[in-house]
Amino acid sequence: MLMLKVLTVPAFNDNYLWIIHDGTHAAVVDPGDAAPIIDALHTHDLSLVAILLTHHHNDHVGGVPTLLQHANVPVYAPRNDRIANVTTTLTEGDTVHIPELDLKLSVLDVPGHTRGHIAYVAKTQGWLFCGDTLFAGGCGRLFEGTPEQMLHSLDKLAGLPDDTKVYCAHEYTVSNLRFAHAAEPDNQAVSQRLQQTERTHAVG
């Protein structure tokens with residue numbers, strides 16, 4: 001069995017699209033834009049076999065129709081979000097099995113950013129694809145859900161193993177940490193993380 005990897009595909013101003021692949025087959029998470037995904041698939045000689053969606057916002061689903069013109073693949077999405085072109089709807093407790101990748105993903109309901117938002121957990125690999133629920137230094141904006149829902153969702157994600165690798169859908173780290181520092185100026189952990197992140201971004 002080939003080891004699975006996750007390829008980062010930047011899009012728009014600050015989106016991260018994710019491609020899970022084994023060197024041959026690929027599943028894409030939240031393809032808001034088809035063009036960079038198609039370019040990445042061609043560059044790495046990958047064949048698309050599945051599309052995974054966390055919620056209905058266009059910067060996460062906008063590329064689906066074009067991708068389906070290139071490959072007739074299953075599209076997985078939350079049951080409580082209305083999304084076009086979906087073949088399988090999901091809710092907490094469901095499992096997605098992508099046989100071409102020998103990949104199993106557990107589904108968690110994580111409402112807050114949207115009412116129907118879900119996350120995918122690859123337990124064997126220790127990966128979390130959380131869409132717009134959790135970011136470095138912050139969480140997603142409440143568009144449809146309540147603060148209580150978001151807190152419960154974050155508590156649920158906090159219950160995952162400490163070594164879980166988090167694949168979020170935007171690069172908000174610096175702005176989140178600046179807000180956290182303004183809210184808690186005496187929090188040394190936040191201050192140190194902010195300084196480290198700003199140095200990293202300056203070099204990058």
Side-chain angles (χ1 to χ4, degrees), residues 1-78 81 83-90 94-108 110 117-136 160-161 163-173 200-201 203-204:
M1 182 179 67
L2 295 175
M3 182 175 293
L4 297 182
K5 298 179 180 179
V6 179
L7 180 65
T8 309
V9 181
F12 306 119
N13 292 326
D14 54 30
N15 280 69
Y16 289 134
L17 319 182
W18 305 108
I19 294 178
I20 309 168
H21 71 95
D22 62 1
T24 303
H25 306 100
V28 60
V29 183
D30 284 347
D33 189 358
I37 292 295
I38 292 170
D39 287 346
L41 293 172
H42 288 166
T43 298
H44 297 274
D45 197 22
L46 300 172
S47 175
L48 185 65
V49 296
I51 297 172
L52 302 157
L53 306 175
T54 62
H55 66 288
H56 66 80
H57 288 160
N58 194 60
D59 62 326
H60 293 252
V61 306
V64 172
T66 300
L67 290 175
L68 291 177
Q69 292 176 8
H70 288 75
N72 184 20
V73 301
V75 179
Y76 300 90
D81 269 10
I83 303 175
N85 301 301
V86 173
T87 56
T88 302
T89 59
L90 304 165
D94 289 339
T95 299
V96 176
H97 180 215
I98 302 175
E100 296 90 345
L101 295 171
D102 193 23
L103 173 65
K104 291 185 178 180
L105 299 161
S106 299
V107 177
L108 296 176
V110 286
H117 203 301
I118 62 173
Y120 299 92
V121 180
K123 294 181 180 178
T124 299
Q125 291 79 16
W127 298 339
L128 167 67
F129 298 91
C130 57
D132 284 356
T133 299
L134 176 66
F135 302 108
L160 296 173
D163 61 352
T164 300
K165 293 182 179 179
V166 178
Y167 295 91
C168 59
H170 292 275
E171 180 47 68
Y172 291 158
T173 308
T200 301
H201 279 239
V203 172

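This is a predicted model, so every value here is computed, not measured.
When atom types are taken as modelled, the side chain of D22 and the backbone of L101 share no donor-acceptor pair closer than 3.5 angstrom. A donor-acceptor pair under 3.5 Å is absent between the side-chain atoms of Y120 and the main chain of V96, judged by distance alone. Between the side chain of W18 and the backbone N or O of C168, at least one donor-acceptor pair lies under 3.5 Å.
Considering every non-hydrogen atom in both Y16 and E171, the closest pair reads OH-OE1, 2.7 Å. Heavy-atom minimum distance, P36 versus P10: CB-O, 4.0 Å. A119 and V110 make their closest contact through N-CG2, 3.7 Å (heavy atoms, listed as atom of the first residue, atom of the second, distance). Counting all heavy atoms, side chain and backbone alike, Y76 lies closest to L90 at CB-CD1, 3.7 Å. A pairwise comparison of heavy atoms in A77 and I83 identifies CB-CD1, 3.9 Å as the closest pair.
Taking the six-membered ring where the residue is Trp, H170 and F135 present perpendicular rings, their angle passing 60° and hence far from 30°.
Here L108 contributes atom CG and L128 contributes atom CG; the two are 7.5 Å apart, rounded to the nearest 0.5 Å. In this structure, L48 CG and L46 CG are separated by 9.5 Å, a value rounded to the nearest 0.5 Å.
Here the side chains of L41 and S47 are not in contact, with every heavy-atom distance at 4.5 Å or above. Within the 4.5 Å cutoff, side-chain heavy atoms of I19 are placed close to those of V9.
For residues 29-46, the side chain to side chain donor-acceptor pair (under 3.5 Å) pairs, not counting sequence neighbours, are D30-T54, D30-H60.
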Using residues 64-71 as the side-chain source, report each donor-acceptor pair under 3.5 Å to any protein atom, sequence neighbours left out, with the distance given to one decimal.
| residue | atom | partner | partner atom | Å |
| --- | --- | --- | --- | --- |
| H70 | ND1 | T66 | O | 3.0 |

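Residues passing the ring-ring contact (aromatic ring centres under 6.0 Å, His included) test with H57 are H55, H113, F143, sequence neighbours excluded.
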